[in-house]
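For reference, the structure is listed below as structure tokens.
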Amino acid sequence: SFDPVEPLRSGLFLAPEGKDSGLLTAEDLFGLEMKADLVTLSACETAARKVRPGDELFGLVRSVLYAGTPSVLMNLWEVDDIAASLFIERFYDELGRPGVTKVEALQTAQLAVADTTAAGAIAYCETLQELLPPEEEKPRRALLRNLAYLWFQARSFAEARDMYEELAAGGGGAAGRQALDVAGVR
């Protein structure tokens with residue numbers, strides 16, 4: 001989360017442990033020595049920063065660079081979950097190929113996401129859905145919401161309605177019913 005008033009208090013929410021809240025701040029990162037060639041943060045607005053007098057940038061980007069990482073891949077804007085997932089998967093697939101640079105992997109991933117059709121995004125989500133264990137309820141519901149939205153955008157209203165109804169019936173309660181109303185499929 002970015003704190004525009006105190007950018008060094010901006011941070012990443014990691015898994016909490018004991019009395020530790022799990023918040024890793026930009027200030028914390030300044031005290032680390034990172035031995036990574038690349039740091040990737042794909043959450044929304046991870047690259048948000050504040051420009052101070054003298055053109056100094058403060059925030060997560062600056063602190064990761066200061067900690068010794070020569071390359072940082074972050075987002076300046078809000079990012080769709082599915083697009084971000086497709087992008088990161090493709091980026092690292094490309095980066096793992098022999099002789100492919102970070103710049104080439106970045107460009108290929110950007111173009112791949114831009115060329116993704118609704119059918120391709122739906123197929124990707126359905127594959128993810130099959131891989132999720134049944135006990136992972138929160139990610140399953142988020143994926144189902146994304147699938148319903150994609151079906152709606154693809155103008156397959158019957159599929160979208162079925163998924164929104166599944167959300168409403170599966171404990172989605174008011175949120176599931178609201179999604180049905182917003183989509184106009186109830």
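A 6.0 Å sphere centred on CD of Glu135 holds more than 12 heavy atoms belonging to other residues, nucleotides or ligands. When the shell of 6.0 Å around CZ of Phe87 is examined, it contains more than 12 heavy atoms from other residues, nucleotides or ligands.
Residues Tyr124 and Ser85 have side chains that bring a donor and an acceptor to within less than 3.5 angstrom of each other.
If you take CZ on Arg97 and OG1 on Thr108, they are separated by 7.0 Å, rounding to the nearest 0.5 Å. Here the straight-line distance linking atom CD1 of Ile82 with atom OG1 of Thr116 works out to 11.0 Å at 0.5 Å rounding. Atom CG of Leu106 is separated from atom OG1 of Thr101 by 9.0 Å, given to the nearest 0.5 angstrom. For the atom pair CG (Leu144) and CG (Asn146), the distance works out to 9.0 Å, reported to the nearest 0.5 Å. Separation of atoms CZ (Arg145) and CG (Leu167) is listed at 6.5 Å; rounding is to 0.5 Å. Ser63 contributes atom OG, which lies 9.0 Å from atom CG of Leu32 (distance to the nearest 0.5 angstrom).
Taking each heavy atom of Val100 and Ala105 in turn, the nearest pair found is CG1-N, 3.8 Å. The minimum heavy-atom distance between Arg90 and Ala109, with the atom names listed, is CG-CA, 3.8 Å. Ala160 approaches Ala148 most closely through the heavy-atom pair CB-O, 3.5 Å.
Under the 4.5 Å side-chain contact rule for hydrophobic residues, Leu14 and Val64 share a cluster. With hydrophobic clusters built from ILVMFWY side chains whose heavy atoms lie under 4.5 angstrom apart, Phe91 does not share a cluster with Leu111.
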Margin query: Assess the residue pair Phe30 and Arg62 against the criterion (side-chain contact (heavy atoms from CB on, under 4.5 Å)); give the C-alpha distance rounded to whole Å, side-chain angles, the decisive distance to 0.1 Å, and a yes or no.
Written below: CA-CA 8 Å; Phe30 268 111; Arg62 173 69 174 236; 3.7 Å; yes

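Residues Tyr149 and Tyr164 meet the side-chain proximity criterion, which asks for heavy atoms closer than 4.5 Å.
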Considering only distance and modelled atom types, tabulate donor-acceptor pairs under 3.5 Å from the side chains of residues 125-132, sequence neighbours left out.
{"from": "Thr127", "atom 1": "OG1", "to": "Ala123", "atom 2": "O", "distance (Å)": "3.0"}

Can you give me every donor-acceptor pair (side chain of residues 65-73, partner residue at least two apart or in another chain, under 3.5 Å) with its distance?
{"from": "Ser71", "atom 1": "OG", "to": "Lys102", "atom 2": "NZ", "distance (Å)": "2.8"}

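Within the structure, no pair that satisfies the salt bridge (charged side-chain N to carboxylate O under 4.0 Å, His left out) test touches residues 108-125, not counting sequence neighbours.
Ionic pairing of Arg140 and Glu137 is not present here: no N-O contact between side-chain nitrogen and carboxylate oxygen is shorter than 4.0 angstrom.
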